[in-house]
Number of protein chains: 2
Amino acid sequence: MSRADGPRGGTVLPDYAGWHAEGGVDVGRVTLQTVADKVGVSRMTVSNAFSRPDQLSAGLRTQILAAAAELGYVGPDPAARALARRSVGAVGVVLTDSLGEAFLDPVASAFFGALADELAPTGMALSLVPADAVGGRVPARDLALDAAVIYACAGDTDAVEWLSRRCLPLVFVDQAPLPGSAAVLLDERSGGRLAVEHLAGLGHRDIVVLTMNSDRDEPGWARDPHRVGSNHVSRVRTAGAVEAIEEAGLTARVYEVYDNRDRYVADGAAAILGDPHRPTAVVCFSDLMAAGVVRAAEESGLRVPDDLSVVGFDDSVLARAVRPALTTLRQDFVAKGRAAAHALTEALTAARATTGTSPAEPGEPATVTIPVQLVVRESTGPAPSGSG
Amino acid sequence: MSRADGPRGGTVLPDYAGWHAEGGVDVGRVTLQTVADKVGVSRMTVSNAFSRPDQLSAGLRTQILAAAAELGYVGPDPAARALARRSVGAVGVVLTDSLGEAFLDPVASAFFGALADELAPTGMALSLVPADAVGGRVPARDLALDAAVIYACAGDTDAVEWLSRRCLPLVFVDQAPLPGSAAVLLDERSGGRLAVEHLAGLGHRDIVVLTMNSDRDEPGWARDPHRVGSNHVSRVRTAGAVEAIEEAGLTARVYEVYDNRDRYVADGAAAILGDPHRPTAVVCFSDLMAAGVVRAAEESGLRVPDDLSVVGFDDSVLARAVRPALTTLRQDFVAKGRAAAHALTEALTAARATTGTSPAEPGEPATVTIPVQLVVRESTGPAPSGSG
DNA sequence: GTGATCCACTGTATCGGTACAGAGGCGGAT
DNA sequence: ATCCGCCTCTGTACCGATACAGTGGATCAC
């Protein structure tokens with residue numbers, strides 16, 4: 001009753017009467033002030049009741065909460081709170097181009113889920129940020145975010161540019177980081193090597209690498225096996241395999257297709273299996289590709305692994321579902337998600353510290369490398385005796 | 001130069017000098033005002049330069065943009081803008097319990113991706129909202145959102161409760177809506193029926209339904225085939241199949257396992273195949289389950305489809321990857337995403353209209369039903385002649 | 001009795017924008 | 001010459017909270 005002199009009782013108002021007489025009256029709007037007026041306390045006390053319970057007596061708090069409930073006040077408005085607190089409680093995730101495609105890829109999905117799980121305990125939500133602008137709207141510029149994860153993007157995306165221009169803490173996953181940002185990388189190179197070493201150990205001498213390159217217009221054999229791939233992952237993963245092939249004294253042949261999708265993989269598989277010099281083993285960029293190769297092989301009458309060995313990558317759900325089950329390189333999605341979440345919180349606290357008065361520079365953020373592990377299943381076997 | 005009398009030049013300030021002399025000075029902070037001061041125009045004009053280009057002359061706009069660039073001003077602060085505009089440019093998505101699990105499920109992932117794609121043109125971003133609170137943080141309460149999609153949740157989740165309490169426009173997907181909210185549903189019932197009719201048409205007389213029920217402690221045969229499932233999807237999907245079985249004059253048997261995951265499915269498959277009265281066909285709740293059954297069958301020496309027919313549901317990537325490729329019920333994820341996005345924008349404009357002066361009530365929001373389609377592949381065939 | 005402490009609560013100044021209603025200046029119609 | 005309308009730009013009043021520095025009274029030590 002003490003301050004019931006208007007919707008914003010606590011503020012000095014110009015004293016014209018008939019204030020907002022009709023039409024625009026925010027009748028339904030319930031704010032901290034509404035509750036404060038009802039209980040007869042200051043707005044701050046109501047705010048404290050909701051957000052800092054230790055700042056007031058339990059009795060008053062109960063009373064305030066009851067009044068709030070009665071008025072239908074749900075809690076502090078997130079947008080207003082975000083402005084005042086300078087933190088929104090959400091981190092962005094940028095995924096390559098079409099989100100629809102991204103979530104068809106079990107690897108991206110699994111990582112995304114793992115990240116979300118790891119972030120949940122911090123109370124942060126995850127916002128999906130489209131990599132590109134559409135129709136003037138640039139989510140990467142206009143979305144309230146505390147930080148962001150950049151996942152396997154081309155790197156020169158609009159989104160990444162805006163995000164870094166906004167000086168948001170950034171964590172790059174499966175991608176070379178911008179200077180000053182943290183990164184979580186898979187040990188792609190070892191993965192490629194392990195695949196080849198496994199096959200070489202089984203006696204294979206004709207090993208082809210099937211990888212992806214979204215920069216190529218046409219699928220085809222790579223002219224130079226040392227210059228392949230369109231992004232960090234495909235580049236390093238393939239490089240590892242090529243190195244190992246050459247170290248074993250063999251010739252590396254790399255076939256590149258546009259991406260993971262069935263139609264592209266099918267073309268690639270057909271080209272490899274139809275080659276006059278057909279290999280006895282194929283190292284694939286992903287389980288998705290491996291599944292495609294296995295299926296193509298069987299369709300052309302080849303038995304896997306008797307006539308052809310195939311190695312996948314990722315150990316996604318597919319690897320176990322497919323027959324024969326795929327020999328593949330397991331990446332630990334949970335560990336990856338955890339590492340990314342950790343890097344994120346790290347970057348966040350570092351950013352907060354910098355905003356404050358302490359000029360302490362904690363040094364360059366770390367790059368974390370997640371190991372891969374060879375999982376031998378049924379899609380690989382000894383090289384056919386007839387060959388070599 | 002005209003209004004360079006302090007960081008917030010446009011506002012009347014208490015006139016003590018040495019204002020914020022040391023320590024707390026927001027040195028680095030660049031806002032609209034900073035830019036305005038530099039160019040010598042009002043804050044509003046700068047705001048217009050960024051957000052309403054038609055409100056000022058092109059020349060001045062260029063000049064302002066240049067000054068902004070020079071100062072390192074990136075654009076209007078999203079949080080502040082959200083508060084002033086009363087709209088944040090993000091919609092939430094609530095997924096069942098563990099996000100990690102959700103994104104291992106190709107169906108949930110595919111829908112999520114499709115929704116994101118459909119939403120992208122509107123400039124809205126998608127925020128993943130954990131269904132449950134952790135450690136005092138309740139994202140569903142604390143996250144700035146314009147609306148939300150509730151996807152296949154138990155329904156009585158914390159998140160749903162907060163969201164509806166906040167009076168946000170809600171769209172329910174694969175789940176019965178709260179009164180007043182829109183819904184996007186798959187024609188589950190027809191799906192279940194079609195599966196059975198397909199099998200009956202092939203001569204099968206012993207058909208078992210394998211479904212999921214997260215409420216059961218133990219997997220097992222359902223006592224009453226008409227009371228199964230723990231959520232809308234499993235209930236209706238199974239009901240459709242059971243109905244069709246009974247309409248064909250056969251006895252419906254339903255086996256329930258905890259959820260889609262391998263270990264649970266394996267148990268269920270073992271129980272069904274080990275049953276003294278082994279069926280000739282199994283209708284599965286999902287492709288994931290179907291794949292599990294196929295694999296279990298083969299491991300116990302049964303040939304699919306010669307000895308056992310298996311029908312999946314969803315037509316996810318798995319259906320084609322698995323050998324034999326699964327006969328399944330295709331759901332159109334893109335259509336579903338589109339419908340959800342549409343319902344969302346619909347609900348959003350309705351909400352905005354209600355806030356305004358027009359008291360026009362456009363009536364109850366619609367429920368959209370997405371059709372399913374039987375896709376016959378290799379996992380189903382004529383009933384074995386010996387049986388029946 | 002009296003100053004030091006502590007607790008519970010309040011006041012003021014922001015956070016960084018947007019909406020909307022002007023205010024001038026200027027060319028054209030009357 | 002006068003009035004009008006238009007195009008630009010400006011001023012004020014918010015949006016709905018939080019931070020932080022008090023303030024007043026009760027408790028406590030001496």
Side-chain angles (χ1 to χ4, degrees), chain A residues 2-3 6-14 16 19-20 23-26 29-36 39-61 63-64 73-88 142 144 355, chain B residues 2-3 6-14 16 19-20 23-26 29-36 39-61 63-64 73-88 142 144 355:
Chain A
S2 62
R3 39 186 6 83
R8 301 293 299 277
T11 314
V12 182
L13 286 176
Y16 38 71
W19 191 67
H20 262 173
V25 206
D26 261 352
R29 208 85 198 170
V30 186
T31 74
L32 279 185
Q33 189 65 58
T34 322
V35 181
V39 182
V41 296
S42 84
R43 175 163 76 246
M44 256 329 284
T45 303
V46 180
S47 175
N48 285 334
F50 279 94
S51 310
R52 287 160 299 272
D54 56 313
Q55 297 293 301
L56 38 44
S57 64
L60 182 54
R61 174 152 194 262
Q63 195 183 334
I64 291 176
Y73 181 76
V74 183
D77 179 284
R81 182 195 285 229
L83 178 58
R85 289 230 262 233
R86 288 151 169 265
S87 118
V88 292
D142 299 330
T355 304
Chain B
S2 61
R3 42 185 2 84
R8 302 292 300 275
T11 314
V12 182
L13 285 176
Y16 38 71
W19 192 66
H20 261 173
V25 207
D26 260 352
R29 209 86 199 168
V30 186
T31 74
L32 280 186
Q33 190 65 56
T34 322
V35 180
V39 182
V41 295
S42 84
R43 175 163 78 246
M44 256 328 284
T45 302
V46 180
S47 175
N48 285 334
F50 279 94
S51 308
R52 288 159 298 272
D54 56 314
Q55 298 294 302
L56 38 43
S57 63
L60 182 54
R61 174 153 194 262
Q63 195 184 333
I64 290 176
Y73 181 74
V74 183
D77 179 283
R81 178 192 284 221
L83 177 57
R85 289 230 262 233
R86 291 152 167 262
S87 120
V88 293
D142 299 330
T355 303

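This is a predicted model, so every value here is computed, not measured. Chain letters run A, B, ... following the sequence lines, proteins first and then strands; every chain starts at 1. In what follows, every heavy atom counts, from backbone to side chain, and hydrogens, waters and symmetry copies are set aside.
When the nucleotides dA17(D), dG16(C), dT10(C) are ranked by their closest atom to the side chain of Ala80(A), dA17(D) comes out on top. Ranking dT10(C), dA17(D), dG17(C) by closeness to the Pro76(B) side chain, first place goes to dG17(C).
Residues passing the side-chain hydrogen bond (donor to acceptor under 3.5 Å, both in side chains) test with Arg85(A), sequence neighbours excluded: none. By the side chain to side chain contact (heavy atoms under 4.5 Å, CB included) test, Ser57(B) pairs with Leu60(B), sequence neighbours left out. Remark: Ala80(A) pairs with Asp77(A), Leu83(B) by the side chain to side chain contact (heavy atoms under 4.5 Å, CB included) rule, at least two apart or across chains.
Residues Ala82(A) and Val88(A) approach most closely at CB-CG1, 3.5 Å, considering heavy atoms. Shortest non-hydrogen contact noted between Ala49(A) and Arg61(A) is O-NE, 2.6 Å. Closest heavy-atom contact between Ala144(A) and Ala79(B): CB-N, 4.2 Å. Between Leu32(B) and Tyr73(B), the shortest heavy-atom distance links the atoms CD2-OH, 3.4 Å.
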Please tabulate, one pair per line, each protein N/O and nucleotide N/O from nucleotides 26-28 of chain D that are separated by under 3.5 Å, including the distance.
none

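Between the CE atom of Met44(B) and the P atom of dC20(C) there is a distance of 10 Å, rounded to whole Å. Whole-Å rounding puts the Asp142(B) CG to dG16(D) P distance at 17 Å. One can place CG of Leu83(A) at 17 Å from P of dC14(D), the figure rounded to the nearest angstrom. Computed from coordinates, the Ile64(A) CD1 to dA8(C) C1' distance equals 11 Å when rounded to whole Å. Spacing between atom CZ of Arg43(A) and atom C1' of dA19(D) amounts to 12 Å, rounded to whole angstrom units. The CZ-P distance, from Arg61(A) to dC9(C), rounds to 12 Å in whole Å. Straight-line distance from the CZ atom of Arg85(B) to the P atom of dG17(C): 12 Å, rounded to whole Å. For Leu32(B) and dT12(D), the CG to P distance is 17 Å, given to the nearest whole Å.
Within residues 51-58 of chain B, the residues having any heavy atom closer than 4.0 Å to DNA chain D are, in order of number, Gln55(B), Leu56(B), Ser57(B).
Phosphate contact (OP1/OP2 of dG11(C), side-chain N/O of Ser42(A), threshold under 4.0 Å): absent. Considering only side-chain N and O atoms, Arg86(A) lies under 4.0 angstrom from the phosphate OP1 or OP2 of dG16(C). OP1 or OP2 of dT18(C) lies within a sub-4.0 Å distance of a side-chain N or O belonging to Arg81(B).
The OG1 atom of Thr45(A) sits 11.5 Å away from the CD atom of Gln63(A) when rounded to the nearest 0.5 Å. Asn48(A) contributes atom CG, which lies 7.5 Å from atom OG of Ser42(A) (distance to the nearest 0.5 angstrom).
Among the heavy atoms of the strands lying under 4.0 Å from Gly75(A) are primed sugar atoms or P, OP1, OP2 only; no base atom is included. Residue contacts for Phe50(A): at a heavy-atom cut-off of 4.0 Å it reaches no nucleic acid atom on any strand shown.
Between Thr31(A) and Thr34(A) the shortest side-chain heavy-atom distance falls below 4.5 Å. Residues Ile64(B) and Val41(B) form a side-chain contact, since some pair of their non-hydrogen atoms from C-beta on lies under 4.5 Å apart.
Residues Ser47(B) and Arg52(B) have side chains that bring a donor and an acceptor to within less than 3.5 angstrom of each other.
Axis angle across the helix from dG1(C)-dC30(D) to dT30(C)-dA1(D), with five pairs used at each end and values rounded to 10°: 40°.
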